[in-house]
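Take a look at the structure set out below.
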Amino acid sequence: MMDTLVSLCKRRGFIFQSSEIYGGLNSCWDYGPLGVELKNNIKRFWWRSMTQLRDDIVGLDAAILMHPAVWVASGHVEQFTDPLVDCRSCGTRVRGDEAAEGKCPRCGSREITAPRQFNLMFKTFMGPVEEEGAIVYLRPETAQGIYVNFLNVLTPSRRKVPFGIAQIGKAFRNEISPGNFIFRTREFEQMEMQFFVRPGTDGEWLERWKAERLAWYAELGLRPERLRLHRHPNKELAHYAKDAYDIEYEFPFGWKELEGIHNRTDYDLSRHGRHAGKDLSYFDGETGERYIPFIIETSAGVDRTLLTCLVDAYREEEVRGEKRVVLRLHPRIAPMKAGVFPLVKRDGLPELARRVEHLLRPRMTVFYDESGSIGRRYRRQDEAGTPFGVTVDSQTLADGTVTVRDRDTMAQERVKIDDLPALLERRLSGS
Ligand code: GAP
């Protein structure tokens, strides 16, 4: 199924391999015309739910490059490592946990090296001189940009604990074993929210965020039976976490993490306070208490969410003895909302269809297509996940109506052109 999806993504312009004409760059991917629309729709939906519709979360957009001391304080320089082993027989290099029972996963040889700790942060140099003192890191998570800006945001936004800061941005990890298309890559995007709470209320807030985030994926249109929560056993907790859950999705390659929800305690603010020599405590004017807030983090991957939406939406159906491939993406995130088609390329129908296209364009993304049979044009938009097909035919000339075809049911109805924008907008918003 993954191979089929990868080829659909290329064929329809969702996702291409990076630098493909040079043979590609391992684990790096580029988003094409439909991919970038889908990605932006997912990010917009997250941003709207997490900031604009709430009065207790505000936004931030921090730089990717940060002071290198940030990564010492955060524990990443010391602890953001994976064990790396090499197979002496075939030269394969994998994460320690992939060499089950001391065997190479590729050739089965037991001739593997002892694990060495490998730091996953990408390093580069700031300025023209490549020396130790000029090292900076590409951030491996967006979260730290939020912690170091805690006071900067708190004061002007006039927030009181409990409140959160949300951010969407690129993150980089030099993963030993990237793979499964865009599931695990070395450059990816995160949608992270750090919620600052009074110590002692952290357990309760963790429960609330688990429920909120699970509900968000259902609103995104994912099938609920393919989602579950998985609690990290103590020995697997990240270096900053007291308690942690993953929202997992059942991918074709098994149940895997989609989002992490972590109780990070006061670890990050305490460490930054100590390392930077700044007081990052919070004063509660109502109770007179001063404390370092605990943090509940929700951390989702944009690319991984996008992959999940594609996997979840992909269907192969049989229609009148023929295979139909359709992406049943939720209309909210579908890259194109409507396809507009003149039934034939004559009798003034293309001109009329262009008028319908321009009527819709200010309100939604539209794809105009006049080439090939109408059946093929419908199929192309089914594969692209476009919820509605609008066809202009000879009856349009007579009575000003068009047909609207529903992607999922394939049912068609006649609608007056004047009523079309409002009707589609109502359907897209789910009413
Ligand atoms: N700030 C906490 C943090 O970064 P994480 O569990 O390491 O936690 C959070 O990552 C989310 O980021 C993951 O659930 C996943 O969606 C995404 N993610 C992490 N590593 C990734 C990678 N190499 N490729 C794509 N997405 C990744």
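Values reported hereafter were calculated over all heavy atoms of this structure, with side chains retained and with hydrogens, waters and symmetry mates removed. Indexing begins at 1, ligand by ligand and atom by atom, following the structure's order.
Note that CZ of Arg93 and CG of Leu84 are 5.5 Å apart. Values are rounded to the nearest 0.5 Å.
In this structure, Leu258 has a heavy atom closer than 4.0 Å to ligand 1. In this structure, Arg264 has a heavy atom closer than 4.0 Å to ligand 1. Ligand 1 lies out of reach of Phe172, whose nearest heavy atom is not under 4.0 Å from it.
Closest heavy-atom approach to atom 5 (P) of ligand 1 among the candidates Arg186, Arg173, Glu192: Arg173. Across Phe183, Tyr249, Tyr240, Phe188, heavy-atom proximity to atom 21 (C) of ligand 1 is greatest for Phe188. When Ala300, Ser299, Gly301 are checked for heavy-atom proximity to atom 9 (C) of ligand 1, Ser299 turns out nearest. Nearest to atom 22 (C) of ligand 1 by heavy atom, out of Leu307, Thr185, Ile261, is Thr185.
Using the six-membered ring where Trp is involved, Phe251 and Tyr249 have ring planes that are perpendicular, over 60° apart on the 30 and 60° scheme. Between Tyr240 and Tyr267, the ring-plane angle classifies as tilted under the 30° and 60° cut-offs. In this pair, Tyr291 and Tyr282 present their aromatic rings tilted. The plane angle is within the 30 to 60° band.
Set against the non-hydrogen atoms of His262, the atoms of ligand 1 under 4.0 Å away are 2 (C), 8 (O). Each of the atoms 14 (O) of ligand 1 lies under 4.0 Å from some heavy atom of Glu259. Of all the atoms in ligand 1, the ones that sit under 4.0 Å from a non-hydrogen atom of Glu141 are 1 (N), 2 (C), 3 (C), 4 (O). Residue Gly260 has at least one heavy-atom neighbour below 4.0 Å for each of these atoms of ligand 1: 14 (O). Heavy-atom contacts of Glu297 reach the following atoms of ligand 1: 1 (N), 2 (C) (cutoff under 4.0 Å).
Side chains of His330 and Glu219: no donor on one and acceptor on the other come within 3.5 Å.
In this structure, atom 13 (C) of ligand 1 lies nearest to the protein heavy atom Glu257 OE2, 3.3 Å. Ranking protein heavy atoms by distance to atom 10 (O) of ligand 1, first place goes to Gln190 NE2, 3.6 Å.
The side-chain contact (heavy atoms from CB on, under 4.5 Å) test with Glu192 is passed by exactly one of Glu141, Gln167, Met50: Glu141. Shown are Phe188, Phe181, Phe16; of these, the ring pair (Phe, Tyr, Trp, His ring centres under 6.0 Å) with Trp29 is made only by Phe181.
Proximity of a side-chain donor or acceptor of Asp312 to a complementary backbone N or O of Arg223 within less than 3.5 Å is detected.
Other residues, nucleotides and ligands place no more than 12 heavy atoms under 6.0 Å from the NZ atom of Lys103.
Considering both main-chain and side-chain atoms, Ala143 never comes within under 3.5 Å of ligand 1 through any nitrogen or oxygen pair.
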Intermediate values then yes/no, salt bridge (charged side-chain N to carboxylate O under 4.0 Å, His left out), Arg173 and Asp82
CA-CA 11 Å; Arg173 296 182 190 177; Asp82 265 351; over 6 Å; no

